[in-house]
Amino acid sequence: MKYPYLNTSALTNPVKVRHTYRGVGGSLAELFRTIQYDLGISGPRMEVLISEFIINEKRNLPDNRVARFLVRGNIRRELERPSMTFKVFVKMLKIIGVKRMVFGVELDFGPDKPTQTHSVHVDLKYHSSKSLDEDDDKQSVNAVMSSLWNHIKDNQGYTPEQFDQLLSDFIATERKKIKDKRIAKLFTKGNVKRELEKPAMTFKVFMKGLRVISTKKVKVFVDIERSHAVKDRIHYFTKVDFNSDTDYDEEPKE
């Protein structure tokens with residue numbers, strides 16, 4: 001599936017070009033590029049914003065290991081990929097000056113159940129380069145996904161036995177779809193359960209959890225604020241390619 005995104009080589013105004021998005025992380029890439037285009041951020045302007053972001057972040061980074069992810073080339077590659085992790089998505093929003101956001105999902109469980117909407121408020125000023133670089137720490141940006149997942153799961157009211165059965169059904173169904181036998185062997189109920197119980201999780205694991213609870217369709221939405229002005233609060237949403245064949249690919253390196 002292809003969508004317009006910002007041509008970073010444009011010299012004047014943003015230009016729509018065709019771009020292919022990949023896997024569940026493609027929804028975050030599409031969402032960010034839609035925001036970037038809508039705000040009129042051209043290629044040269046994005047370069048300036050990246051420079052300002054790197055300078056500001058490095059001032060507060062005594063840890064050279066963490067500073068490595070601020071290399072301009074890394075950020076450019078992250079921006080151009082057909083898929084984004086949640087960490088990269090938040091980093092890109094910080095680069096373009098987003099201060100706060102409401103991030104959420106609209107869940108469709110089929111015709112016999114009402115649609116559910118769940119969201120979490122995120123103040124981006126509390127997420128530094130360190131929290132964007134870490135994975136499983138409860139202070140990392142990925143803890144937002146874990147918090148949202150726990151809220152959704154608790155809202156369903158499953159007993160431990162009911163959720164265990166959902167996990168069993170999910171594993172039995174999904175393993176048949178995995179063409180890579182190496183990945184299939186690692187795809188067990190115990191592994192998925194541990195992923196869903198971590199204090200922080202990736203967007204891909206979050207979507208895996210939504211599949212476990214039999215979600216049929218998902219819309220991801222974000223309300224962004226770059227200032228306190230009401231007119232600067234903008235709502236964006238996109239559908240997730242929920243049954244992508246690339247859902248079990250490894251995460252791109254940050």
Side-chain angles (χ1 to χ4, degrees), residues 4-15 17 19 21-22 25-103 121-145 200 202-204 222-229 232 234 236 250-254:
Y5 85 116
L6 185 67
N7 183 351
T8 54
S9 64
L11 297 178
T12 53
N13 295 322
V15 177
V17 298
H19 188 82
Y21 294 99
R22 182 169 175 265
S27 59
L28 295 181
E30 179 195 359
L31 201 55
F32 175 75
R33 288 171 183 137
T34 300
I35 294 170
Q36 188 182 7
Y37 178 82
D38 187 66
L39 295 177
I41 301 175
S42 65
R45 177 57 183 161
M46 191 66 186
E47 288 293 321
V48 172
L49 293 173
I50 290 173
S51 295
E52 292 175 348
F53 174 77
I54 291 173
I55 292 171
N56 291 334
E57 291 294 302
K58 282 191 172 181
R59 287 172 181 167
N60 303 315
L61 278 181
D63 188 341
N64 290 328
R65 178 188 61 82
V66 177
R68 285 182 301 182
F69 96 122
L70 286 172
V71 176
R72 178 185 296 274
N74 289 346
I75 295 177
R76 283 175 174 165
R77 284 189 290 274
E78 290 169 341
L79 181 62
E80 294 168 359
R81 284 182 181 132
S83 177
M84 280 187 184
T85 64
F86 188 68
K87 291 189 298 181
V88 170
F89 178 71
V90 172
K91 186 196 301 183
M92 294 304 169
L93 291 182
K94 284 177 67 72
I95 288 173
I96 64 173
V98 175
K99 307 299 183 186
R100 289 161 296 278
M101 72 172 179
V102 175
F103 184 87
H121 292 258
V122 185
D123 195 330
L124 271 63
K125 72 179 180 181
Y126 293 117
H127 289 292
S128 63
S129 294
K130 184 175 181 180
S131 72
L132 289 171
D133 189 54
E134 293 175 338
D135 288 316
D136 293 333
D137 189 273
K138 63 181 179 181
Q139 300 300 321
S140 73
V141 71
N142 276 346
V144 173
M145 288 286 92
T202 65
F203 184 71
K204 186 175 290 187
V222 60
D223 296 331
I224 64 168
E225 293 182 36
R226 294 194 296 165
S227 69
H228 288 290
D232 198 35
I234 313 173
Y236 298 92
E250 294 181 359
E251 294 282 355
K253 295 186 183 299
E254 302 288 353

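Heavy-atom basis, side chains included; hydrogens, waters and symmetry copies ignored.
Distance CE/Met84 to NZ/Lys91: 10.0 Å, rounded to 0.5 Å. Once rounded to the nearest 0.5 Å, the distance linking CZ of Arg72 with CD1 of Ile50 reads 6.0 Å. Interatomic distance, CZ of Phe32 versus CD1 of Ile224, reported as 9.0 Å (0.5 Å rounding). To the nearest 0.5 Å, atom CZ of residue Phe203 and atom CG of residue Leu28 are 4.0 Å apart. Rounding to the nearest 0.5 Å gives a distance of 11.0 Å between CG of Leu49 and CD1 of Ile75. Interatomic distance, Ser42 OG to Arg45 CZ, rounded to the nearest 0.5 Å: 8.5 Å.
Nearest heavy atom pair, residue Ser83 against residue Gly26, reads OG-N, 3.7 Å. Here the closest non-hydrogen pair linking Ala29 and Arg81 is CB-O, 4.2 Å.
Taking the side chain as every heavy atom from C-beta outward, Lys99 and Lys125 never approach each other to under 4.5 Å. Contact of the Glu225 side chain with the Ile234 side chain is not registered, since no non-hydrogen atoms from C-beta on lie closer than 4.5 Å. Residues Leu93 and Ile35 have side chains in contact (heavy-atom distance under 4.5 Å, counting atoms from C-beta outward). Contact check for Met145 versus Thr202: no side-chain heavy atoms found under the 4.5 Å cut-off. In this structure the side chain of Ile96 reaches within 4.5 angstrom of the side chain of Met46, judged on heavy atoms. The side-chain heavy atoms of Glu52 and Ile55, taken from C-beta on, include no pair separated by under 4.5 Å. The shortest side-chain heavy-atom distance between Tyr21 and Arg33 falls under the 4.5 Å cut-off. At least one side-chain heavy atom of Leu79 sits under 4.5 Å from a side-chain heavy atom of Gln36.
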For the pair Leu124 and Arg100, evaluate side chain to side chain contact (heavy atoms under 4.5 Å, CB included) and give the outcome as yes or no after the intermediate values. CA-CA 5 Å; Leu124 271 63; Arg100 289 161 296 278; 5.8 Å; no

What do the steps show when you test Phe53 against Val48 for side chain to side chain contact (heavy atoms under 4.5 Å, CB included), and what is the final call? CA-CA 9 Å; Phe53 174 77; Val48 172; over 6 Å; no

Can you list the steps and then say if Asp38 with Tyr236 is a side chain to side chain donor-acceptor pair (under 3.5 Å)? CA-CA 10 Å; Asp38 187 66; Tyr236 298 92; 2.5 Å; yes

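In this structure, the side chain to side chain donor-acceptor pair (under 3.5 Å) partners of Arg76, at least two apart in sequence or on a different chain, are Glu47. Residues passing the ring pair (Phe, Tyr, Trp, His ring centres under 6.0 Å) test with Phe89: none are found, sequence neighbours excluded.
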